[in-house]
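To start, the structure itself, in structure tokens.
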Amino acid sequence: MFRQVLVVGFALCLLACTSVPKPAWTAVDLPAELSESSGLLCIGDEFISFNDSGGLPLLYRINADGRIQQQLELSVKNIDWEAITSDGQFLYLADAGNNAGKRSSLLIYKVPLDWRLLSQPYQPVTLEISLPRQGELKAYQHDLDFEALVYQQGALWLISKSWASQKPALYRLDPSLKFQALGKALPLQSPDFLVTDASFNNSTEHWWLVGYTDPRKAIWAYLTNSGFQAQIARYDKEFQLLEVQTLPTPGQVEGLCIDQHQQIWISEEAGKQKPARLIKTGLSSR
């Protein structure tokens, strides 16, 4: 009898005590040239990234080890580059950061995906998006700041960071128009974090958004020097929120993309005591 109890107890322990395997999380340091990596695009087995406000007007093609393979200089100013997406033929680079609330328009640069025959500095096609007039905006207290851009079904989708309302909104843009107004917002159920990048999985028709908890709501993180609270959210094709997960990194996550194997990658800016990083989260977008 004692032996039977022991066997049963051992079997139960195997079921209850064995930890569930966690997704493989691997990170590599990015070079100093990409210390403020602010957006990420998966292209085959490589990635494209860039620095944000005030950085050099350079696009970097990097491999999975974080090494720079190629770079492209653009003949435009980097006011506040924040997001990048592709239609499979062209890149769309969003100069759309507006934390201070002083911009009257946003810029999106259209660049060929293949850089091999491009002369540098390359002059991209420019799309200009005028912002609605809302009087004088206070820094970090408005909803006209944008750090996420997604190409999907012939349209560009710009997603607000929404410092004021804490509710991100989608704006549909026409990639064929050089001049257009921002238009009407489509509301999103709030994931309870500030959105810094997004991607769309064509196979599952799911949207993925990444960002971090508003620092004003997580002041403890700064008082204890523990960093940011990185988050990721998944929405269905109707923009209904399906799930939100906390990512195991205190870094400032700014980039998100889905590779050809449906794996989710993120990038984060350098911190005070650590370099910028390219991270394979181990999460599948299937």
Side-chain angles (χ1 to χ4, degrees), residues 15-16 18-30 34 37-49 61-67 69 82-88 91-92 113 147-153 155-157 159 168 170 188-213 227-269 276-286:
L15 293 173
T18 302
S19 60
V20 177
K22 295 182 179 179
W25 176 277
T26 59
V28 296
D29 294 345
L30 290 172
L34 267 170
S37 174
S38 192
L40 191 66
L41 179 66
C42 292
I43 300 293
D45 292 325
E46 294 185 323
F47 309 85
I48 295 177
S49 191
R61 193 182 293 262
I62 59 177
N63 62 18
D65 293 325
R67 296 191 180 95
Q69 305 298 299
E82 289 291 354
I84 191 168
T85 189
S86 176
D87 62 6
L91 304 173
Y92 296 90
L113 188 58
E147 296 191 10
L149 181 71
V150 176
Y151 179 90
Q152 195 257 329
Q153 293 186 343
L156 290 170
W157 296 87
I159 304 175
L170 290 121
L188 271 178
Q189 182 181 347
S190 177
D192 291 326
F193 61 78
L194 300 174
V195 178
T196 59
D197 207 359
S199 189
F200 182 80
N201 186 322
N202 288 299
S203 299
T204 62
E205 296 188 305
H206 285 173
W207 296 79
W208 291 83
L209 277 58
V210 77
Y212 48 81
T213 305
F228 290 79
Q229 292 180 321
Q231 309 279 324
I232 190 168
R234 180 168 61 97
Y235 292 77
D236 67 17
K237 64 180 180 180
E238 304 298 333
F239 306 120
Q240 298 300 308
L241 182 61
L242 300 177
E243 63 174 317
V244 178
Q245 296 185 48
T246 297
L247 296 175
T249 174
Q252 185 174 341
V253 175
E254 294 285 338
L256 165 72
C257 70
I258 299 170
D259 70 14
Q260 59 188 338
H261 307 296
Q262 308 297 311
Q263 295 297 302
I264 296 175
W265 295 72
I266 60 175
S267 65
E268 56 186 29
E269 292 187 3
R277 299 194 300 170
L278 173 67
I279 300 169
K280 184 178 181 180
T281 66
L283 297 173
S284 173
S285 63
R286 287 193 176 92

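Quantities reported herein were computed from a predicted structural model and do not represent experimental measurements.
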Distance-minimising heavy-atom pair for Phe47 and Cys42: CE2-SG, 3.7 Å
Reported CG-to-CG distance for the pair Leu30 and Leu278, which is rounded to 0.5 angstrom: 5.5 Å
Spacing of CG belonging to Asp87 relative to CG belonging to Leu113, to within rounding of 0.5 Å: 8.5 Å
Student check: side-chain heavy atoms of Val195 and Val210 closer than 4.5 Å: no
Partners meeting side-chain hydrogen bond (donor to acceptor under 3.5 Å, both in side chains) with Asp259 (sequence neighbours left out): Trp265
Heavy-atom side-chain contact between Leu247 and Leu283 under 4.5 Å: yes
Partners meeting side-chain hydrogen bond (donor to acceptor under 3.5 Å, both in side chains) with Gln260 (sequence neighbours left out): Asp45
Validation row: Ile84, Leu149 side chains within 4.5 angstrom (heavy atoms): no
Contacts of Tyr235 that satisfy ring-ring contact (aromatic ring centres under 6.0 Å, His included) - sequence neighbours left out: none
Test item: Ser267 side-chain N/O and Ser49 main-chain N/O as donor-acceptor pair under 3.5 Å: no
Minimum side-chain heavy-atom gap Ser86-Tyr151 below 4.5 Å: no
Residue pair Leu91 / Ile48, side-chain heavy-atom distance below 4.5 Å: yes
Side chain to side chain contact (heavy atoms under 4.5 Å, CB included) evaluation trace for Asp236 with His206: CA-CA 5 Å; Asp236 67 17; His206 285 173; 4.2 Å; yes
Heavy-atom pair with the smallest gap, counting every atom of Pro248 and Trp25: CD-CZ3, 3.5 Å
Flag, side chain of Ser190 to backbone of Pro168, donor-acceptor distance under 3.5 Å: no
Closest non-hydrogen atom pair between Gln152 and Trp157, with its separation: O-NE1, 3.5 Å
Thr196 to Gly211 - nearest heavy-atom pair and separation: OG1-CA, 3.4 Å
Interatomic distance, Arg286 atom CZ to Gln262 atom CD [nearest 0.5 angstrom]: 5.0 Å
Option passing side-chain contact (heavy atoms from CB on, under 4.5 Å) with Ile232 (candidates Val244, Ile264, Thr281): Ile264
From CZ (Phe193) to OG1 (Thr246), nearest 0.5 Å: 9.5 Å
Student check: side-chain heavy atoms of Leu256 and Leu40 closer than 4.5 Å: no
Set of residues satisfying side-chain hydrogen bond (donor to acceptor under 3.5 Å, both in side chains) with respect to Glu268, sequence neighbours excluded: Thr249, Lys274, Arg277
Side chain Asn201, main chain Ser285, donor-acceptor under 3.5 Å: yes
Side chain to side chain, Ile279 and Thr26, heavy atoms closer than 4.5 Å: no
pair Gln263-Ile258: side-chain heavy atoms closer than 4.5 Å: no
Heavy atoms of other groups near Glu243 CD, more than 12 under 6.0 Å: yes
Rounded distance [0.5 Å steps], OG in Ser37 versus CD in Glu254: 8.5 Å
Glu238: salt bridge (charged side-chain N to carboxylate O under 4.0 Å, His left out) partners, not counting sequence neighbours: none
Atom pair CD/CG of Glu147 and Leu209 - distance to nearest 0.5 Å: 12.0 Å
Criterion side chain to side chain contact (heavy atoms under 4.5 Å, CB included) on Phe200 and Trp208, from CA distance to verdict: CA-CA 6 Å; Phe200 182 80; Trp208 291 83; over 6 Å; no
Candidate pair Gln229 and Gln231, rule side-chain hydrogen bond (donor to acceptor under 3.5 Å, both in side chains), full reasoning: CA-CA 6 Å; Gln229 292 180 321; Gln231 309 279 324; 5.2 Å; no
Test side chain to side chain contact (heavy atoms under 4.5 Å, CB included) applied to Thr213 and Asp192, step by step: CA-CA 7 Å; Thr213 305; Asp192 291 326; over 6 Å; no
Chi angles and distances behind the side chain to side chain contact (heavy atoms under 4.5 Å, CB included) call for Tyr212, Gln252: CA-CA 7 Å; Tyr212 48 81; Gln252 185 174 341; 3.8 Å; yes
Full working for side-chain hydrogen bond (donor to acceptor under 3.5 Å, both in side chains) between Glu82 and Ser38: CA-CA 5 Å; Glu82 289 291 354; Ser38 192; 2.7 Å; yes
Salt bridge (charged side-chain N to carboxylate O under 4.0 Å, His left out) contacts touching residues 196-213 (sequence neighbours left out): Glu205-Lys237
